[in-house]
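Just the heavy atoms: all of them, side chains too, but no hydrogens, waters or symmetry mates, feed the values below. Each chain gets a letter, A, B and so on, in the order the sequences are listed, and its residues count up from 1.
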Number of protein chains: 2
Amino acid sequence: MKLIGDNLRITKPDIQEALKSGDPMPVQGLVKLCVEKGTFAIDVNTGPLGKSPEKGMAFFIKAVESVTHLPLLIDTSNPVAMKAGLKGASNRPIINGFSLEPRKLEKILPLAKEFDCDIVGFLLYPDSRVPKDEAERFEVAIELIEKAEDAGVPKERVIIDPIVPPLAWEDGIVQARAVLNVIRTLPDLLGFDVRTIGGVSNLTTGAGNKKKKNLMVQSYVAMLATAGLDYALLDILNAETVAAARASSILSKENIFSWGMVPGG
Amino acid sequence: MKLIGDNLRITKPDIQEALKSGDPMPVQGLVKLCVEKGTFAIDVNTGPLGKSPEKGMAFFIKAVESVTHLPLLIDTSNPVAMKAGLKGASNRPIINGFSLEPRKLEKILPLAKEFDCDIVGFLLYPDSRVPKDEAERFEVAIELIEKAEDAGVPKERVIIDPIVPPLAWEDGIVQARAVLNVIRTLPDLLGFDVRTIGGVSNLTTGAGNKKKKNLMVQSYVAMLATAGLDYALLDILNAETVAAARASSILSKENIFSWGMVPGG
């Protein structure tokens, strides 16, 4: 399980301010920290970028790439911003992402073909609803893969995001368990070694005691690792969550056989 | 997943001393602490109890039962001590346990029939070797259940212990993964809802950095809970491990559907 920091987000006031003022320092400082903590890639969550999506995306790409050459996930729902990101990035980035929403199928998915890059596929209904159980998630996954292939995107390019639910939802824990089963079963169901990605931070959105929330995240990342999740999108600066995720990866990674092989173990 | 403290052990100097001097206080104090921390049962690990097994076992049972009415696991390899424990305990105790070792089959297993009680069955070869992979563990499990039924013990009375390996073993991590798969698959394989128990403390026996060991245990208990382990035998006084185990249980327990149902959540 590879860990990807979701820390760079436009919703943070200092990042918003950086974009407005054109000062790359806050972005650079944050990305440097994420790199130090061993993030596998940088999720560049710019939001739709309003009236100047191309200029805004160029600012972010330049700021991030001035401090790291790690791969980028371009995380925006605006196709114009997305295209600018795909054009601007030096390494081949990952599109984050598309779903069965008509606008995403029409405007985002074709970019994966145009730029020959990986694309995250969210298990969501066309109206953005989250499927209610495993069966519905499987149906959506099959349809997503079909849509990708129809658009000329090889199925191996799609990284499925089964949508980790907030535990605060009425049936949050049931949904969280369904997500684990989906991750475990999807490669068999789809008949190829499909990769999966999960947004761990989503789990503790909303109410709840902080200590208990942290414990839940730590347990859940262990379960995600066992289920075979390929990429965990999370707060890479949360030392406890990251330590739990790394320990879980070691315990579930096929190519580590013993404690003696664990670095520093 | 129910948590059972393995804290009461004859190998601890103060417990040894308590037995020698006949002073129940150290035993009572320790058991009280375990009860406070919410242990589901008390594992009474007396060892073979040398020359006066009956007297020794009576001391422990009396000391423990003077502070709690929780169920006891009688944890000794000495059949005479075991029988004394089974006779002495007020609630129906659990025998911990038997294996394919001839002495255990002859002397311990029949006590489960005689006292009509649950018995832990260790997945070990007759010469006490640990099976080397999942297939071997399954073979041993099938044989254990057969032996139990041959001895007139209903198979539902057997609680399988797949032997959590020390990570310090040459192939410790591979074995730890095999144990998870065995726990997950055993009910299907045996064709009934067999219960399982795992000795979590065993995982970090031997060398290793302490912080990393704790992380491994926390991740592994989450994996055990997901795999469907019924009873985790562990240091119930280790707050971090216990918190991780409880969070994992909540995330994997069939009858908890949402965060709102988590006590204090």
Side-chain angles (χ1 to χ4, degrees), chain A residues 1 165-181 184 203-209 211-227 239-265, chain B residues 1 165-181 184 203-209 211-227 239-265:
Chain A
M1 191 170 70
L167 290 178
W169 280 0
E170 204 185 333
D171 61 348
I173 290 179
V174 168
Q175 293 287 341
R177 282 197 288 261
V179 163
L180 295 175
N181 289 334
R184 190 177 298 119
L203 194 71
T204 47
T205 302
N209 161 314
K211 199 182 157 197
K212 196 167 272 191
K213 287 211 285 193
N214 258 340
L215 274 168
M216 286 293 187
V217 171
Q218 286 168 48
S219 291
Y220 198 65
V221 292
M223 295 174 181
L224 287 169
T226 323
E240 286 185 339
T241 309
V242 167
R246 295 211 191 281
S248 312
S249 291
I250 286 166
L251 282 171
S252 54
K253 220 188 284 178
E254 286 306 319
N255 57 351
I256 295 190
F257 303 104
S258 76
W259 185 256
M261 296 175 68
V262 176
Chain B
M1 191 170 69
L167 290 178
W169 279 1
E170 204 185 335
D171 61 346
I173 290 179
V174 168
Q175 293 288 343
R177 281 198 289 261
V179 163
L180 295 174
N181 288 334
R184 191 178 297 119
L203 195 70
T204 47
T205 302
N209 158 315
K211 201 183 156 196
K212 198 169 271 191
K213 288 210 286 193
N214 257 340
L215 274 167
M216 287 292 186
V217 170
Q218 285 168 49
S219 290
Y220 198 65
V221 291
M223 295 173 181
L224 287 169
T226 323
E240 285 185 340
T241 309
V242 168
R246 295 212 191 280
S248 312
S249 291
I250 287 166
L251 282 171
S252 54
K253 219 189 288 178
E254 286 306 318
N255 58 350
I256 294 190
F257 304 104
S258 76
W259 186 258
M261 295 173 68
V262 177

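In this structure, the separation between CZ on A/Arg246 and CE on B/Met216 is 12.0 Å, given to the nearest 0.5 Å.
Counting heavy atoms from C-beta outward, B/Met223 and A/Leu251 have side chains that approach closer than 4.5 Å.
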Report the C-alpha separation of A/Thr226 and B/Arg184 in whole Å, then their side-chain angles, then the decisive distance to 0.1 Å, and conclude whether the side-chain contact (heavy atoms from CB on, under 4.5 Å) test is met.
-> CA-CA 12 Å; A/Thr226 323; B/Arg184 191 178 297 119; 3.9 Å; yes
Show your working on side-chain contact (heavy atoms from CB on, under 4.5 Å) between A/Gln218 and B/Leu215 and close with a plain yes or no.
-> CA-CA 10 Å; A/Gln218 286 168 48; B/Leu215 274 167; 5.7 Å; no
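Ranked by heavy-atom pairs under 4.5 Å with chain B, the first of A/Ala244, A/Ser248, A/Ala245, A/Ala227 is A/Ser248. Of the listed residues (B/Ala222, B/Pro165, B/Ser219), the greatest number of heavy-atom pairs within a distance under 4.5 Å of chain A belongs to B/Ser219.
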